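Model, not experiment: these values are computed from the prediction. In the text below, chain A, chain B and the rest are named by the order of the sequence lines, each starting its count at 1. Hydrogens, waters and symmetry mates play no part in the numbers below; they use all other heavy atoms, side chains included.
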Amino acid sequence: MAKRQYWLMKSEPDVYSIDDLERDGSTYWDGVRNYQARNLMRDKMRLGDGVLYYHSNATPPGIVGLAKVSKESYPDPTQFDPKNKYYDPKSKEDDPRWYLVDIEYHATFPEMLSLGFLREQESLEGMALLRKGQRLSVQPVSASEWRTVCKLAGVSSKL
DNA sequence: GCCAACGTTGGC
DNA sequence: GCCAACGTTGGC
């Protein structure tokens with residue numbers, strides 16, 4: 001059994017918030033059109049991995065809860081749909097360019113951990129999210145960062 | 001709305 | 001393969 005890994009995934013709450021995920025139970029993470037983020041989803045994310053759910057373009061932005069990977073990567077169906085905003089005419093069904101994973105809801109933090117608060121934590125120094133110019137919508141998170149974030153939020157780090 | 005920090009595209 | 005132009009992300 002491979003060791004569990006941890007990730008952070010960004011979503012704009014106006015588009016799909018953690019409340020939407022709680023309501024739906026699980027969702028497929030469509031629309032990622034960045035190769036680095038795609039590679040992480042396609043090649044690295046495994047069933048049962050932990051996900052920090054981050055609200056971007058929010059006031060304030062921050063980590064709002066936990067999810068976990070409920071299905072490993074498969075081609076993002078939206079890339080083949082000409083009516084979809086994520087349609088990619090250069091992607092072929094027999095050679096898909098974009099992949100996604102499914103995630104399922106796990107928990108919502110009693111209070112969100114804002115980006116500003118996270119920046120104040122010495123224990124999170126070096127976290128990818130806090131690095132200057134970091135825009136990846138899917139990022140790796142270390143086991144110790146995961147435990148620290150859960151502790152700060154006052155929730156169990158167990159999934 | 002601004003703009004820094006990227007990433008992608010396409011001419012050469 | 002270089003790099004200018006352009007597009008996007010996302011904090012502020």
Side-chain angles (χ1 to χ4, degrees), chain A residues 5-24 26-45 49-69 73-103 105-142 144-146 148-153 155:
Chain A
Q5 306 167 103
Y6 301 97
W7 310 94
L8 178 142
M9 297 172 95
K10 296 179 182 176
S11 183
E12 300 190 24
D14 291 347
V15 178
Y16 197 83
S17 73
I18 190 142
D19 293 335
D20 294 320
L21 180 61
E22 181 177 18
R23 180 197 65 219
D24 295 342
S26 68
T27 193
Y28 52 94
W29 205 256
D30 67 351
V32 170
R33 295 295 180 266
N34 171 283
Y35 288 103
Q36 273 181 275
R38 177 207 67 182
N39 291 347
L40 292 175
M41 289 201 290
R42 188 188 61 187
D43 306 333
K44 303 287 188 194
M45 294 179 84
D49 280 359
V51 174
L52 298 176
Y53 201 99
Y54 181 86
H55 279 176
S56 62
N57 265 318
T59 315
I63 302 171
V64 292
L66 306 178
K68 61 181 175 181
V69 176
S73 73
Y74 58 98
D76 180 344
T78 64
Q79 67 193 307
F80 303 124
D81 177 3
K83 293 192 293 291
N84 193 284
K85 66 183 278 205
Y86 298 123
Y87 176 59
D88 183 349
K90 293 182 190 158
S91 185
K92 300 282 170 278
E93 299 245 12
D94 57 2
D95 184 22
R97 180 176 292 195
W98 306 111
Y99 286 77
L100 49 67
V101 298
D102 288 1
I103 64 168
Y105 177 80
H106 182 70
T108 301
F109 292 165
E111 288 188 55
M112 75 133 54
L113 302 179
S114 73
L115 183 60
F117 175 79
L118 295 168
R119 286 195 193 285
E120 291 170 0
Q121 309 308 312
E122 272 179 45
S123 50
L124 292 176
E125 215 173 11
M127 189 177 182
L129 175 71
L130 307 179
R131 278 207 288 272
K132 188 178 163 130
Q134 180 53 266
R135 301 182 313 166
L136 264 191
S137 60
V138 178
Q139 307 176 358
V141 170
S142 74
S144 76
E145 288 162 356
W146 173 270
T148 300
V149 167
C150 290
K151 191 172 178 187
L152 289 168
V155 304

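- In summary, the side chains of A/D102 and A/W29 do not present any donor paired with an acceptor at a separation below 3.5 Å, with no hydrogens or angles considered.
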Inset, instruction - Using a 4.0 Å cut-off on protein heavy atoms (strictly under), produce a 5'-to-3' string for nucleotides 5-12 of chain C with B for base contact, S for backbone-only sugar-phosphate contact, and - for none. - result: ---BBBBS
Side-chain donor-acceptor contacts of residues 118-130 of chain A below 3.5 Å, not counting sequence neighbours, with atom names and distances?
residue	atom	partner	partner atom	Å
A/R119	NH1	A/L130	O	3.1
A/Q121	NE2	A/F117	O	3.0

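- The nearest heavy atom of DNA chain B to A/G133 and to A/K90 marks one nucleotide each, and the one closer to the 5' end goes with A/G133.
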Distance-only check: which donor-acceptor pairs under 3.5 Å involve side-chain atoms of residues 30-39 of chain A, not counting sequence neighbours?
residue	atom	partner	partner atom	Å
A/R33	NE	A/Y86	O	3.3
A/R33	NH1	A/D76	OD2	3.0
A/R33	NH2	A/D76	OD2	3.4
A/R33	NH2	A/T78	OG1	3.1
A/R33	NH2	A/Y86	O	2.9
A/N34	OD1	A/Q36	N	3.0
A/N34	OD1	A/A37	N	3.0
A/Y35	OH	A/R97	NH1	3.3
A/R38	NH1	A/R97	O	3.0
A/N39	OD1	A/R42	NH2	3.4
A/N39	ND2	A/Y35	O	3.3

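- Side-chain atoms of A/H55 come within 3.5 Å of backbone N or O of A/I18 as a donor-acceptor pair.
- Side chain to side chain, A/E12 and A/S56 fail the donor-acceptor criterion of an N or O pair below 3.5 Å.
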